[in-house]
Amino acid sequence: MKSMNEYINEAEEVLLHTYNRYPVVFDHGEGVKLYDLNGKEYLDFCAGIAVFALGYGNEEYNNALKAQVDKLIHTSNLFYSVPAINAAQALTGVSGMDRVFFTNSGAEAIEGAIKSARKYAFTKDGNTDHEIIAMNKSFHGRTMGALSVTGKKQYREPFYPMIGNIKYADFNDFESVLSQVTDKTCAIIMETIQGEGGIYPAKDSFLKDVRKLCDEKDILLILDEIQCGMGRSGNMFAYEAYGIKPDILTVAKAVGCGVPVGAFMMSQRVADKALVPGDHGTTYGGNPLVCAAVCEVLRQFEERDILKNVNETGAYLYEKLEMLMGEYDCITAHRGRGLIQGIELDPNKKKASQVCKNAIESGLIIITAGSDIIRFIPPLIISKEDIDNMIVLLKQALERD
Ligand SMILES: *Cc1c(COP(=O)(O)O)cnc(C)c1O
């Protein structure tokens, strides 16, 4: 058998070098643990970037997929399929949205959301110069449309020009949003809890004020819950905690727990003026296989009362990280809720990337968000004992150079 290093060297000869990967090749997983080719165990507080919410080696999930593989994997969207209908019903049920379009990824869900907002405005006034307001520090994906609303200039600049008429405001600063609004504004897009940008939850008054502004001016509020949705915040969707609803909602990551699926959803009011036949499409999007996964994921969320576990373990994690902040002066801030939390490190004292590297060497998977923040986005089935074990390994990683 080839060694892990041999595989890694081969990978670096054929894969386009767009990631600086950790030097690990995983072989299999069980619950909240992953195992590399050498059989070394890792406690996973990354969950494949907030994807694998229900744990590895999940027998019922695996069986649901296997059954669908044997039945029917793909037919295209020219026909109806039972898994897609069931998945759409389940998703509208938990989100309060009325209409669903399935995509293959988060970025594609954002593309669909942008197109829906522009089409809605076009239907209303026939103009073709509508504007979208996006947030600084946001992340919405790597395709050209999604990149155009991503608030990090380093990601965008090499690929200019972006799609036109995008303006930027500061997240959690309502005045900054107001200053970007014109009579051409058709949508405001933001994450309810910024993920990649550093785990910044929207302030209660900010999101409520933006919602009110959108209502007054018939601007569509697009909430990207690709990372913070699907139970991770302690609510099924993070916006529930604010008592508001978006007009357009995007999901991906944990919605299929590992198969490539996402969705953009909208209220009927938006759907009435948005996409119609000929406006949008996808060959794979929402095929029977991925929709069978979505159905099984939502079934397990209910059966296993995942939200209850997120709230209990999320509060416990919060307490533990607050204590850690008191003990280590390199930790300067702690944010988040449920099982999406982050600690900010003083880069002059400790580099977040180095701490993550140290942690992975000692068998704990944690990743950064932005340059100075370590983020904790474990599978949603994590236990308090797993959190205790994580803290022990994290302390070791913080104490090593
Ligand atoms: C990951 C992510 C995306 C992009 O999803 P992909 O599936 O990688 O295209 C968009 N928005 C948010 C908030 C994300 O976390």
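The first residue in the sequence is number 1, and the count goes up from there. Atoms within a ligand are numbered from 1 in the order they appear, just like the ligands themselves.
Sorted by first and then second residue, the side chain to side chain donor-acceptor pair (under 3.5 Å) pairs involving residues 381-401 (not counting sequence neighbours) are Tyr316-Asp388, Glu327-Lys395, Tyr328-Glu399, Glu361-Arg400, Ser383-Asp386. Applying the ring pair (Phe, Tyr, Trp, His ring centres under 6.0 Å) test to every pair with at least one member in residues 178-223, sequence neighbours left out, gives these pairs: Phe171-Phe206. Applying the ring pair (Phe, Tyr, Trp, His ring centres under 6.0 Å) test to pairs two or more places apart or on separate chains, those with a residue in residues 71-110 are His74-Tyr284, Phe101-Phe264, Phe101-His280.
Without hydrogens or angle criteria, Tyr61 side chain to Cys257 main chain gives a donor-acceptor distance under 3.5 Å.
Around ligand 1 you find Ser105, Gly106, Ala107, Phe139, His140, Gly141, Glu191, Asp224, Ile226, Gln227, Lys253, each with a heavy-atom distance below 4.0 Å.
A salt bridge links Arg269 with Asp218; the closest basic N to acidic carboxylate O contact falls under 4.0 Å.
Between the side chains of Tyr56 and Glu30, no donor-acceptor pair is found at a separation under 3.5 Å.
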